[in-house]
Amino acid sequence: MSYSEVYSGWKNDPEGFWMEAAKGIDWDKAPSKALHDQNAPIYSWFDDGLVNTCYNAVDRHVEAGRGAQTAIIYDSPITQTKHKISYTELRSRVASLAGALRAKGVEKGDRVIIYMPMVPEALEAMLACARLGAVHSVVFGGFASNELAVRIDDCKPKAIIAASCGIEPGRVVHYKPLLDGAIDLAGHKPDFCVIFQREQEVAHLEDGRDVDWHGFQYGVEPAECVPVEGSHPAYILYTSGTTGAPKGVIRATGGHLVALNWSMKAIYNVEPGDVFWAASDVGWVVGHSYICYGPLIHGNTTIVFEGKPVGTPDAGTFWRVIAEHGVKSFFTAPTAIRAVKREDPKGEMAAQYDLSCLKALYLAGERADPDTIEWAQNLLKVPVIDHWWQTETGFAIAANPLGIEQLPVKIGSPSVPMPGYDVQILDEAGHPMKPGELGAIAVKLPLPPGTLPNLWNAEDRFVKSYLTTFPGYYETGDAGMIDQDGYLYIMARTDDVINVAGHRLSTGAMEEVLAGHPDVAECAVIGVTDQLKGQMPVGFLCLNAGVNRPHEEVVAEVIKRVRDKIGPVAAFKLAVVVDRLPKTRSGKILRGTMVKIADGEAYKLPATIDDPAILDEIRDALQTIGYAG
Ligand code: COA
Ligand code: AMP
């Protein structure tokens, strides 16, 4: 079947399409129907099915006779370690960990925070929660204590599973002190913490609260898989919104299983047994869907890569991993390819490896710029597939579905909507726009299985953030257009979210941190264009009257403050002091105009600007830090 046949097949009979896809999952009790719309606009999928995610991701492959197949390859150039875990080994490791969690009181519905680097134990922790029907929330290692504390208070975990440390180039990330700090800051206290001690740094265990990963599994009964309802939350993943409070995106179990299993063949074109690699981090949605769950549910071999595209040890690392492990489909962020290209523009490193196993490269997480796509196409001689999705959706909204049909690639476009997504471009009043016209990108409700059914403990925020601007639609927060051939183009965010090295960050959250500095009267943070990371945050500070200290001191303090409060991942390294911020007469800061000035782009003087002279001051300030050239 062609893509257009599959897409129109879904559109004509969404219920039939998803019930058919649901056959790829082993249910304890098959669902009687797919969509439940009695609470519209809150929808849910496969509610009356009973199923276990871990069973589908692990046990069923062992029972089907594929236990000897490698489930996880751990390749860590940063610690010079490699090892493989078969599906049979994975089952016993996960069952044992789940048994130990259960022995300490973790049950279906309890939340468990996971704060771990890229080690296979992170996936095992996720799967152990899934085995019990416990709801995990993985927190990215680049977040500081304060961000971890905010998540602890929001989801109130019974347990936290953490590693003693992570390893970044040139430094050890002290996870355990960060965890202790977060628990001190948080109002909610977990019953216990499980610490995976890494040999690079062994952490102190708090008597009565912390248990050792291995020690607490001693002598426990391995846990069986607990069937849960299709609508049961599989996990919560926090993502940036417009304010400092992150949004707890919920993923429901049944839809998650069905959609990811479907996507592995339809989008990534892999068969069970093939090696699939997503070079991201378990702390992001890409890591949830395509390092852990998608490949394992589908019976692939997945790779847990602990390293960077460059510097661990060189720009040939990606190609080495692909050649050595026989990767068929490879997924990474454009920023990673840009980093490789910058170090090895001629692709000499890639030429040292036999990459004949690789059939396609997938890019997502941020806009894929044409130069990067063309460079990768020329180097690898395989399709380079840009695809567009979000933490909220859990799998691609738009892609080139190689496993259905390879559509012509249009550079600059993530191609076409996937089944389940009726994507529309809307004007401010919510009217559909014509092909080629730029507007807000919205998806007609209901969203497909696998997408967020709600926000954790925040239904009002869910409705307000996503369902209110355009009634009957999900508001993606992205702006763009659809061309005559139905190809989508993603141009910009419509909110305060910026994308730094494929990481989604909130400028609003950074502004809250800056505003908390005692000398700062007012501030703004914008995302300026960066050749490597796509965007970089830049802060503008107006100081309180009477602050006579050197500006550099205040700048250094706010930079440290963001690193301490949000974490190194914010990559907040640039700030300038200005007298005033450009505003409309009603007091709204003109961030969009500031971005255009920083990027050296032409801009229209906003009609409502209070005092145009301020824009010259902003340009001068930006020039002092190398922008607005
Ligand atoms: N734990 C702790 N700190 C982390 C971290 C983690 N898991 N991941 C990143 N950080 C830190 C980095 O060490 C860096 O700290 P520094 O300011 O002390 O240098 C900071 O967070 C910013 O990280 P990042 O923006 O990712 O830059 P980087 O220097 O780590 O990597 C590239 C830069 C060029 C390699 C980048 O292009 C890249 O590939 N990043 C990863 C892209 C990615 O996988 N995105 C996921 C979406 S699919
Ligand atoms: P995250 O939730 O971290 O996955 O970030 C989602 C956001 O990243 C989207 O809303 C887009 O703004 C951006 N994004 C993701 N993929 C793409 C893509 N292929 N092209 C352009 N922007 C993208």
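Because only heavy atoms are used, hydrogens play no part in the values below, and waters and symmetry mates are left out as well, while side chains stay in. We number each residue from 1, following the sequence as shown. Atoms within a ligand are numbered from 1 in the order they appear, just like the ligands themselves.
What sits closest to atom 20 (C) of ligand 1 on the protein, heavy atoms only, is Pro568 O, 3.2 Å. Regarding atom 12 (C) of ligand 1, its nearest protein heavy-atom neighbour is Glu168 OE1, 3.1 Å. Counting only heavy atoms of the protein, atom 37 (O) of ligand 1 lies nearest to Thr335 OG1, 3.1 Å. The nearest protein atom to atom 29 (O) of ligand 1, hydrogens excluded, is given as Lys533 NZ, 4.2 Å; this is a heavy-atom distance. Among all protein heavy atoms, the one lying closest to atom 9 (C) of ligand 2 is Asp478 OD2, 3.2 Å. Counting only heavy atoms of the protein, atom 14 (C) of ligand 1 lies nearest to Arg171 NH2, 4.0 Å. Among all non-hydrogen protein atoms, the one lying nearest atom 30 (O) of ligand 1 is Lys308 NZ, 2.6 Å. Taking atom 18 (O) of ligand 1 as the reference point, the nearest protein heavy-atom neighbour is Arg563 NH2, 2.9 Å. Closest to atom 26 (O) of ligand 1, if we only count protein heavy atoms, is His503 CE1, 2.9 Å. Shortest contact from atom 4 (O) of ligand 2 to any protein heavy atom: Thr391 N, 3.6 Å.
A cation-pi arrangement is absent between Arg198 and Tyr175, since the terminal nitrogen or guanidinium carbon is not both under 6.0 Å from the aromatic centre and inside a 45° cone about the axis.
Residue Lys573 has at least one heavy-atom neighbour below 4.0 Å for each of these atoms of ligand 1: 16 (P), 17 (O), 19 (O). Applying the 4.0 Å criterion to heavy atoms of Val569 picks out, from ligand 1, the atoms 21 (O).
Taking the six-membered ring for Trp and thresholds of 30 and 60 degrees, Phe330 and Phe318 have ring planes more than 60 degrees apart, a perpendicular arrangement.
Residue contacts with ligand 2 for Asn499 involve side-chain atoms from C-beta outward but no N, CA, C or O (heavy atoms, distance under 4.0 Å). Residue Trp284 does not touch ligand 2, judged by heavy-atom distances below 4.0 Å. Only backbone heavy atoms of His387 (N, CA, C or O) come within less than 4.0 Å of ligand 2; its side chain stays farther off.
Polar contact check, Gln390 against ligand 2: a nitrogen or oxygen pair lies under 3.5 Å apart.
Proximity of the aromatic rings of Tyr421 and Tyr474 is defined here by a centroid distance below 6.0 angstrom, and this criterion is not met. A distance of 6.0 Å or more separates the ring centres of Phe276 and His298.
In summary, of the residues considered (Phe395, Tyr293, Tyr235, Trp389), a ring-ring contact (aromatic ring centres under 6.0 Å, His included) with His288 occurs for Tyr235 alone.
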Original post:
Does the pair Arg561 and Glu557 meet the rule for a salt bridge (charged side-chain N to carboxylate O under 4.0 Å, His left out), with working shown?
Top reply: CA-CA 6 Å; Arg561 211 178 155 85; Glu557 284 166 19; over 6 Å; no
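In summary, the side chains of Asn454 and Glu459 do present a donor paired with an acceptor at a separation below 3.5 Å, with no hydrogens or angles considered.
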